[in-house]
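One structure is given below, encoded as structure tokens.
On a predicted model such as this, the values are computed, not experimentally measured, just so you know. The figures here come from the full heavy-atom set of this structure, side chains too, leaving out hydrogens, waters and symmetry mates.
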Amino acid sequence: MNELISVNYEGEQPTVSGRELHEALGIGTKYADWFKRMADYGFAEGVDYVTRFSNLGMRDARRTE
């Protein structure tokens with residue numbers, strides 16, 4: 001079976017790249033526009049996704065510092 005997108009199993013829960021998911025689904029809009037729509041559907045940072053800035057490392061919204 002061919003892998004559509006890579007799944008990372010290194011953390012507490014399996015994760016995927018939003019950009020890879022966007023590309024694999026063949027979404028016709030820009031990633032930023034699509035992501036804003038997903039947030040409007042009720043997806044919440046720290047619950048449904050974490051934000052990763054490639055030049056700043058990982059920002060985990062579940063952190064309690």
Contacts of type side-chain contact (heavy atoms from CB on, under 4.5 Å), residue Ala44, not counting sequence neighbours: Val47, Asp48

Ring centre gap for Phe43 and Phe35 strictly below 6.0 Å: no

Worked check of side-chain contact (heavy atoms from CB on, under 4.5 Å) between Glu10 and Thr15: CA-CA 9 Å; Glu10 294 177 11; Thr15 59; over 6 Å; no

Leu21: side-chain contact (heavy atoms from CB on, under 4.5 Å) partners, not counting sequence neighbours: Ile5, Leu25, Trp34

Any donor-acceptor pair under 3.5 Å from His22 side chain to Ala32 backbone: no

Hydrophobic cluster membership, Leu4 vs Tyr9, 4.5 Å side-chain cutoff: no

Least distance between heavy atoms, Ser6 atom then Val16 atom: O-CG1, 3.7 Å

Residue Tyr31 excluded, over 12 heavy atoms near OH under 6.0 Å: yes

Residue pair Glu45 / Val50, side-chain heavy-atom distance below 4.5 Å: no

side-chain contact (heavy atoms from CB on, under 4.5 Å) involving Glu23 - partner list, sequence neighbours excluded: none

